[in-house]
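Below: one structure, written as structure tokens.
Computed over heavy atoms, backbone and side chain alike; hydrogens, waters and symmetry mates excluded.
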Amino acid sequence: MRTLASFTHTHINTKRMILELIKDKQKAGKKLLAMLIDPEKYPQNNLIKVITAIESAMPDLILVGGSLVSVKTDKVIKSLKQHLDVPVVLFPGSLLQVTPEADALLFISLISGRNSDLLIGNHVVVAPFLKESNLEVLSTGYILVESGKRTSVEYMSQTAPIPADKSDIAAATAIAGEMLGHKLIYLEGGSGAEVPIPQELIQKVKLSIDIPLIVGGGLNTAEKVKNACHAGADVIVVGNAFEKDISLLSEFRKIIKSY
């Protein structure tokens with residue numbers, strides 16, 4: 001593993017670039033496609049296949065993380081960065097997944113829940129490390145939305161999602177997140193969501209905030225991706241769909257590029 005000093009030296013130019021990329025796209029009315037990779041689900045042989053598919057479709061961002069503690073995060077990120085010229089952003093489900101190998105980190109506060117560790121506790125623990133690293137820290141208000149079944153993130157976080165028909169609560173939560181200083185809002189249906197977040201809810205949240213909106217969970221068809229884009233998502237996150245059909249990456253990329 002590289003030392004923190006070497007990481008800082010070699011990645012100095014990535015500081016603050018990813019947030020600016022997202023904001024610039026938002027201002028231009030364009031969308032970004034982010035591919036979510038769970039290290040637990042990609043042994044090395046499968047990861048090479050994924051990298052090959054990514055090379056042809058080239059998403060705007062790669063998110064790496066999962067609900068379970070993974071010792072593979074470093075290894076997966078190193079492989080991705082060795083073969084691809086795509087920003088890699090940590091989407092950690094645990095403090096043990098935080099690594100300086102990435103370009104940036106979603107510094108997530110689960111503002112839809114009331115678990116103090118996920119609101120501020122874990123952040124205090126890791127903050128000194130992040131301060132010394134050169135990771136671009138992306139303050140993100142994370143909102144879990146009901147998706148038809150109990151998801152891994154719901155179980156692991158021990159929090160209840162916002163009901164899918166309560167768009168007013170989701171919007172108020174997003175407004176609070178923006179007022180607290182978060183730079184991004186992330187609406188999440190959870191890994192393996194049976195249904196995506198309703199368009200009405202996405203639209204109401206989008207109209208309530210000025211900062212970029214990320215949407216993920218249950219986006220496993222072209223129609224669902226289009227609907228999320230039309231509703232106002234600035235960044236579309238897709239993960240489980242690629243585990244079943246890696247060719248969807250190119251199809252979704254075409255949709256994103258059409259905006």
Would you find more than 12 non-hydrogen atoms of other residues, nucleotides or ligands less than 6.0 Å from Asp85 atom CG? no
Crowding at CD, Glu55 (>12 non-hydrogen neighbours, <6.0 Å): yes
Is the shortest side-chain heavy-atom distance between [X] and [Y] below 4.5 Å?
X	Y	value
Leu36	Val238	no
Pro161	Val145	no
Leu90	Thr99	yes
Phe107	Leu138	no
Val237	Leu219	no
Val205	Ile197	no
Val64	Asp38	no

Check Leu144, Leu201, Thr173 against Leu187 for a side-chain contact (heavy atoms from CB on, under 4.5 Å) and give me the one that passes. Leu201
Separation of [Y] [atom2] from [X] [atom1] (nearest 0.5 Å):
X	Y	atom1	atom2	value
Leu96	Thr73	CG	OG1	9.0 Å
Ile175	Glu178	CD1	CD	8.0 Å
Leu118	Ser109	CG	OG	9.0 Å
Ile185	Ile111	CD1	CD1	4.5 Å
Leu63	Leu105	CG	CG	10.5 Å
Tyr259	Lys25	OH	NZ	14.0 Å

Taking all non-hydrogen atoms of both residues into account, name the closest pair between [X] and [Y] and its distance.
X	Y	answer
Pro212	Ile22	CB-CG2, 3.6 Å
Glu188	Tyr142	CG-OH, 2.9 Å
Glu200	Ser167	OE2-OG, 3.9 Å
Ile54	Pro59	CG2-CD, 3.5 Å
Glu194	Gly148	OE1-O, 3.2 Å
Ile51	Ser79	CD1-O, 3.9 Å

May I ask you to decide if [Y]'s main-chain N or O and [X]'s side chain share a donor-acceptor pair within less than 3.5 Å?
X	Y	result
Thr159	Gly113	no
Glu251	Ala222	no
Ser250	Leu248	no
Gln199	Ala228	no
Ser133	Leu135	yes
Thr151	Ser147	no
His182	Ile108	no
Lys31	Cys229	yes
Gln97	Asp74	no

If you group Ile, Leu, Val, Met, Phe, Trp and Tyr by side-chain heavy-atom gaps below 4.5 Å, do [X] and [Y] land in one group?
X	Y	answer
Ile162	Val195	no
Phe129	Ile77	yes
Leu130	Val125	yes
Leu110	Leu180	no

Derivation and outcome, side-chain contact (heavy atoms from CB on, under 4.5 Å), residues Asp168 and Lys204: CA-CA 7 Å; Asp168 54 341; Lys204 188 155 189 176; 3.9 Å; yes
Is [X] salt-bridged to [Y], cutoff N-O under 4.0 Å?
X	Y	answer
Lys30	Asp234	no
Lys81	Asp103	yes
Arg253	Asp60	yes

Using the rule given for side-chain contact (heavy atoms from CB on, under 4.5 Å), can you reason through Val50 versus Ile37, listing the C-alpha separation, both sets of side-chain angles and the distance that settles it, and then say yes or no? CA-CA 9 Å; Val50 170; Ile37 293 180; 4.1 Å; yes
Under the criterion side-chain contact (heavy atoms from CB on, under 4.5 Å), I'd like the reasoning laid out for Thr221 against Lys224: C-alpha separation, chi angles, the key distance, then a yes or no. CA-CA 5 Å; Thr221 68; Lys224 291 175 182 178; 3.2 Å; yes
Between Asn227 and Ile202, does the side-chain contact (heavy atoms from CB on, under 4.5 Å) criterion hold? Intermediate values first, please. CA-CA 10 Å; Asn227 289 341; Ile202 297 173; over 6 Å; no
Can a donor-acceptor pair be found between the side chains of Ser157 and Asn115 at a distance below 3.5 Å? no
